[in-house]
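What you see is a predicted model, and the numbers here were worked out from it, not measured in a lab. Order of the sequence lines fixes the chain letters, A, B, ..., with proteins taken first and strands second; residue numbering starts at 1 for each chain. The analysis underlying the following values was restricted to heavy atoms, covering all of them including side chains, and did not include hydrogens, waters or symmetry mates.
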Number of protein chains: 2
Amino acid sequence: MDRRAKEKDDDTSAKERPTLKTLAFMTGLGVTTVSRALKDAPEIGAETRRRVQLVAKQIGYRPNRAGVRLRTGKTNVISLVLNTEHELMSFVSDIIYGVTEVIADTPYHLIVTPYSRSQDPLDPVRYLVETGSADGVIISRTQPNDPRARYMLERGIPFATHGRTDMGLVHPYHDFDNYAFAGEAVRHLAGMGRRRLALVTPPVGLTYYDHTVNGFADALSEVGASEVPFNTVSIDHTIEQIRMRTAQLMRREDRPDGIVSSAAAATLAVVAGIEDAGLKLGRDVDLVSKQSSELLHLFRRELFVVNESFRLAGSELARAVLGWIGGMDPGSLQSLSTPGGVLPYRG
Amino acid sequence: MDRRAKEKDDDTSAKERPTLKTLAFMTGLGVTTVSRALKDAPEIGAETRRRVQLVAKQIGYRPNRAGVRLRTGKTNVISLVLNTEHELMSFVSDIIYGVTEVIADTPYHLIVTPYSRSQDPLDPVRYLVETGSADGVIISRTQPNDPRARYMLERGIPFATHGRTDMGLVHPYHDFDNYAFAGEAVRHLAGMGRRRLALVTPPVGLTYYDHTVNGFADALSEVGASEVPFNTVSIDHTIEQIRMRTAQLMRREDRPDGIVSSAAAATLAVVAGIEDAGLKLGRDVDLVSKQSSELLHLFRRELFVVNESFRLAGSELARAVLGWIGGMDPGSLQSLSTPGGVLPYRG
DNA sequence: TCAATATACTGAAACGTTACAGATTGCCAA
DNA sequence: TTGGCAATCTGTAACGTTTCAGTATATTGA
């Protein structure tokens, strides 16, 4: 439509974005040669290579993504698959920042692929794979037997999971050691003389639910404390639900004197529930919570916190996917982040 | 490499992803006809059109993005440009969810393009435009005279800004009415008898800083209250800085008895600072804060809040960009969200 | 000297799509 | 009967890239 020149070789009109053809014309070489020179192919003369790369840099040549993608199938895209309802708030931004940090000096773009509660979590993954929309995928809310991981493994598409699976299949992951977290939390509370502990769990069904629950249980028997069951909520529940049920729990005769919470937002609600029941944090009950931002300290100074960095998770996950795409052994791309310890106010 | 058939037309081997050629083969039509039939071109017979579309649906045909993009230049991508350091935390996830909500049933993908403190904010935008990586762009942290908006307007690439500009140029935007927010907050505090008010401002230089400050000032003179200057912080400062400087402020003789805060995270720090100074919220000072999640209520029941939905902002921004891409008048794609009113605890 | 071989480069084809410029058919007016 | 003209359909080229199968030139071994 808006092309001016009718000559086959209109590269002299300098306004359009430079392509290989432009470079070929400028250097007097063939398109093939230019292409290979740019990617350091061995059969290109050293001087030619330098010359081409110099010119390319000078005129700001950038390979056309669509061209590459069409020809090679390589999208230079990695996709972060997110649940638009359940994912904790700040979680998402941090993980995204972590990912972008890593892919910043690569040709990769990050696309966010959402799915909602009503959908099968496999849907977005299937979409990505079937349409070949990404070279690598990052998923969260990982389950012990995760159909998404299984699916991608079958299709041979590189991915990394936030959280581990337990299927006897090997794939890259990053996980926070929630077993250790729950254990440390329990030991900390026990060290303060707390004996009857309750746990605000991760969402049932996710792998780190198991880890957390196990860490909690093992440490309980280790320190000889007992569990006050609190199975009616998880951190996936709404603020109001958590608050109400905590209040109910705390009004009971056999209420806990120590609580471990798996997420900051839930902790806010739990504390509100405690206070609704007329009890006081630090006196009637102590609470150790995981948090991902440094804000919980400000909320109640009596809170104890363990920090989990989602930014780190994002970086690690991105590194893992890129590594797999780059041909590394998936088994070597697994990482576990250890809790730094329980911090009191003004740690 | 892994292609089996050597015949030119290997579409009979059903395993590969279907293309127009596959459809052409199956229907016995030409590729061109199929292409046009799928997009309801007028010169295709009604029955043929239906037939092609039926077959396409049956075998799950999906146009190859790279093919379309290479041929037409249309990327079917919209980019959200984010500052990886300053953007408030939950802000980002909500805005992303809002955007994905709108583009869910379109062919669009969302890519997140980050930039860091050290970079010129124009960099990522320039990159997107120069490489033609997106059909539309969403930016935030909008300034009255915003070089990014000017740049994209010049280049003719559709975009929407979160927040307004003030350059006499018309473009789509979505904004929260921060003038109204600050005004309502002031009136609310004045209604409670507060007379010496301080403002925790948005980042200096952004448009909504001006709006907020103006709304604050106008309402102050309207109700006859006075301002206690608090220019040493904005919501871009760290939690620690805000906390310390609030404590300093509150220890002064002429401390404010009412505070308006532009963001939830800052509010947490401000409250901590107030309490560091030995004062009590609700007694010595009242505070009205904007928040985007419903969590501030839980923090201190004495807080007053005004809700701003970033999810809504995301949706509106996406709608605006898509509208502009679709040929709508940019001037008609501007929206302003009105604060719902000041809510006390248990509103 | 000749062939064999290494070195440095090149054109053509293909990835999947759309736009352009036809091509084929049937029907109608003259 | 013929020319004209809709109504449908089609082949070719092009977008920018990489791969395949070369070609041309210089270098080597005998």
For Phe159(A) together with His171(A), are the ring centres under 6.0 Å from each other?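 Centroid separation for His171(A) and Phe159(A): below 6.0 Å.
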
Would you check if the distance from the ring center of His162(A) to the ring center of Phe91(A) is below 6.0 Å?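 For His162(A) and Phe91(A), the ring centres are under 6.0 Å apart.
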
Distance-only polar pair, side chains of Asn83(B) and Gln119(B), donor-acceptor under 3.5 Å: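 Distance-only check fails for Asn83(B) and Gln119(B).
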
Going by number, which of residues 60-73 of chain B have a non-hydrogen atom under 4.0 Å from DNA chain D?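 The answer is Leu70(B), Arg71(B).
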
For DNA chain D, which residues of residues 46-55 of chain B approach it to below 4.0 angstrom with any heavy atom?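 Heavy-atom contacts with DNA chain D come from Thr48(B).
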
Please check this pair: side chain of [X] against backbone of [Y], looking for a donor-acceptor N/O pair closer than 3.5 Å.
X	Y	result
Glu85(B)	Arg117(B)	yes
Glu101(A)	Ser315(A)	no
Arg126(A)	Arg148(A)	no

Rounded to whole angstroms, how far apart are [atom1] on [X] and [atom2] on [N]?
X	N	atom1	atom2	value
Arg17(B)	dC15(C)	CZ	C1'	12 Å
Leu29(A)	dT17(D)	CG	P	15 Å
Leu38(B)	dG16(C)	CG	P	15 Å
Leu23(A)	dT17(D)	CG	P	8 Å
Lys74(A)	dT17(D)	NZ	P	15 Å
Glu43(B)	dA21(C)	CD	C1'	13 Å
Glu16(B)	dA14(C)	CD	P	16 Å
Leu20(B)	dA14(C)	CG	C1'	16 Å

Any residue meeting side chain to side chain donor-acceptor pair (under 3.5 Å) with Thr113(A), in chain and number order, not counting sequence neighbours: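 Thr113(A) satisfies side chain to side chain donor-acceptor pair (under 3.5 Å) with Ser79(A) once adjacent residues are dropped.
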
Output all residues satisfying side chain to side chain donor-acceptor pair (under 3.5 Å) with Thr75(A), sequence neighbours left out; order by chain, then residue number.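 By the side chain to side chain donor-acceptor pair (under 3.5 Å) rule, Thr75(A) matches Asp135(A).
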
I need the Leu110(B) CG to Thr106(B) OG1 distance, nearest 0.5 Å.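 So the CG of Leu110(B) and the OG1 of Thr106(B) are separated by 10.0 Å.
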
Hey, what do you get for OG (Ser133(A)) to CZ (Arg69(A)), rounding to the nearest 0.5 Å?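 Reported to 0.5 Å precision, the distance equals 5.5 Å.
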
Looking at [N], I'd like to know if its phosphate oxygens (OP1 or OP2) sit under 4.0 Å from a side-chain N or O belonging to [X].
X	N	answer
Lys21(A)	dG16(D)	no
Ser35(B)	dT18(C)	yes
Thr33(A)	dT10(C)	yes

Identify whether the distance between the nearest side-chain nitrogen and carboxylate oxygen of Glu43(B) and Arg36(B) falls below 4.0 Å.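 Looking at Glu43(B) and Arg36(B), the cut-off is met.
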
Each base of DNA chain D marked ( ) or [ ] if paired in-strand (Watson-Crick or G-U under 3.5 Å), | if paired to another strand and . if unpaired gives ||||||||||||||||||||||||||||||

Side-chain atoms of residues 316-329 of chain B: list all donor-acceptor pairs with protein atoms under 3.5 Å, sequence neighbours left out, distances to 0.1 Å.
residue	atom	partner	partner atom	Å
Glu316(B)	OE1	Ser335(B)	OG	3.4
Asp329(B)	OD1	Gly331(B)	N	3.3

If you only use heavy atoms from C-beta on, which nucleotide in dA19(C), dT18(C), dT8(D) is closest to the side chain of Thr32(B)?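 Between dA19(C), dT18(C), dT8(D), the one nearest the side chain of Thr32(B) would be dA19(C).
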
